[in-house]
Amino acid sequence: MADGPTDRANCDLLLTSLLSRSPSAQMKVEIDSFSGYRIYPSKGRVFVRGDNKIFRFATSKNESLFLQRKNPRKIAWTQVYRRMHKKGITEEVAKKRSRRTVKHQRGIVGADLAAIAARRNQTAAIRAQQRTAAIQKAKAEKKAKEEKKEKTKPAHKPVSTAPRVSKQQMKGGKGGR
Amino acid sequence: MIGLKGTLNVIDNSGALLVECVNVLKQKVNNGWGSVGDEIVCVVRRARPISGQASASAPKVRQGDVRRAVIVRTRKAVRRPDGRFIRFDDNAAVLLNNKREMLGTRIGGVVSADLRMKGWGKIVSLAPKVV
């Protein structure tokens with residue numbers, strides 16, 4: 001019994017030597033639908049199922065297992081299984097798979113990109129300045145408010161005492177009952 | 001390998017559904033096995049029920065008719081010149097009249113590419129898929 005991969009390696013050499021002499025379009029190397037092995041011309045069988053799907057088998061072993069409805073993902077020597085369990089792949093290839101997501105700065109509804117950038121680029125000195133300015137502004141406003149309040153308060157007082165008379169007294173109803 | 005009593009699905013729109021082989025028409029032998037591209041004499045075992053309307057795809061054959069057919073798919077593997085073997089999931093045929101012309105107008109399903117080599121180019125051209 002020929003060993004699978006080495007037998008195909010020999011076929012490979014033979015085929016390339018043949019192809020180099022006379023290139024013909026029909027010499028396409030198919031792959032087995034069950035195991036993923038390479039099927040060289042004149043080897044294997046083709047099965048067309050009722051739903052018109054085509055299955056290629058390199059050997060009767062593959063064909064038999066397929067017809068028994070075995071799952072190639074569970075059969076250890078198939079390419080499907082090896083790929084799934086990451087067998088025989090070098091570390092480099094496996095590492096290349098991980099991708100890094102690049103973060104993009106996006107503007108929000110309230111503040112577009114330029115505004116965000118401007119805010120971020122403000123130095124600490126400017127911020128401190130803004131802060132003190134704001135504090136001063138707040139203090140000034142507060143003072144003004146207090147002054148305003150004192151002015152208006154005594155003016156309001158006589159006005160506010162008048163409506164203190166209760167409704168009953170206004171209506172002139174019975175007193176105290 | 002279709003022989004006496006072998007049943008085939010009919011994949012054209014002639015109205016027949018299942019035919020049973022009665023004779024394999026080969027040049028030198030009358031009996032033997034029929035393969036893809038061989039003409040056979042067959043009996044229509046099951047046909048689509050005939051309705052009152054006369055539509056374009058009205059069934060042309062009735063149950064019990066004796067007709068000719070050409071085999072287009074076999075479960076038995078057929079060897080291609082490149083050494084490959086092709087086999088299908090069922091046996092199928094296309095009905096013909098006595099002059100080797102198709103009875104139906106359309107074919108539904110895959111046909112074997114070996115038909116072209118045996119001289120049934122018309123069927124191959126009508127088929128939706130050729131393997």
Side-chain angles (χ1 to χ4, degrees), chain A residues 1-2 4 7-72 79, chain B residues 1-2 6-13 16-19 33-38 46 70-94 104 106-118 120 123-131:
Chain A
M1 260 294 263
D7 185 33
R8 274 147 191 83
N10 293 336
C11 277
D12 218 346
L13 291 167
L14 183 67
L15 190 65
T16 46
S17 64
L18 283 171
L19 285 173
S20 59
R21 272 183 240 152
S22 54
S24 59
Q26 286 132 344
M27 294 264 217
K28 186 183 164 199
V29 181
E30 309 277 357
I31 54 159
D32 185 293
S33 334
F34 186 82
S35 61
Y37 280 178
R38 308 234 286 273
I39 305 179
Y40 285 89
S42 90
K43 303 269 182 200
R45 301 172 94 195
V46 179
F47 172 55
V48 183
R49 204 165 56 178
D51 60 358
N52 299 343
K53 206 161 175 211
I54 299 171
F55 296 93
R56 297 177 194 276
F57 304 115
T59 54
S60 57
K61 178 176 171 182
N62 297 311
E63 191 175 4
S64 171
L65 285 166
F66 175 85
L67 291 174
Q68 284 174 49
R69 308 186 54 192
K70 297 281 185 210
N71 191 353
Q79 279 282 25
Chain B
M1 246 165 83
I2 309 290
T7 49
L8 302 107
N9 295 326
V10 178
I11 57 167
D12 58 8
N13 62 347
L17 289 173
L18 201 73
V19 290
W33 308 112
S35 183
V36 176
D38 288 338
R46 236 191 308 162
V70 63
I71 303 172
V72 297
R73 292 203 291 257
T74 49
R75 238 187 234 132
K76 179 87 183 128
V78 179
R79 191 176 180 280
R80 290 276 165 84
D82 62 3
R84 216 186 306 162
F85 282 91
I86 306 243
R87 71 182 176 89
F88 294 86
D89 211 4
D90 64 342
N91 305 310
V94 165
R106 252 181 251 141
I107 297 181
V110 196
V111 296
S112 179
D114 297 286
L115 283 173
R116 199 182 279 129
M117 288 180 275
K118 298 263 181 112
W120 300 97
I123 296 177
V124 170
S125 63
L126 275 173
K129 194 168 176 200
V130 183
V131 170

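Residue numbers start from 1 in every chain, and the chains themselves are labelled A, B, ... in the order their sequence lines are given, proteins ahead of strands.
- Interatomic distance, Arg87(B) CZ to Phe55(A) CZ, rounded to the nearest 0.5 Å: 11.5 Å.
- Judged as a side-chain hydrogen bond (donor to acceptor under 3.5 Å, both in side chains), and not counting sequence neighbours, Ser42(A) has no contacts.
- Contacts of Val110(B) with chain A are made by both backbone and side-chain atoms, with heavy-atom separations under 4.5 Å.
- Across Arg45(A) and Ala77(B), no two heavy atoms sit closer than the pair NH2-CB, 3.5 Å.
- Annotation for Lys129(B) and Asn52(A): closest pair NZ-O, 3.6 Å, computed over non-hydrogen atoms.
- The environment of Arg46(B) atom CZ is sparse: at most 12 non-hydrogen atoms of other residues, nucleotides or ligands sit within 6.0 angstrom.
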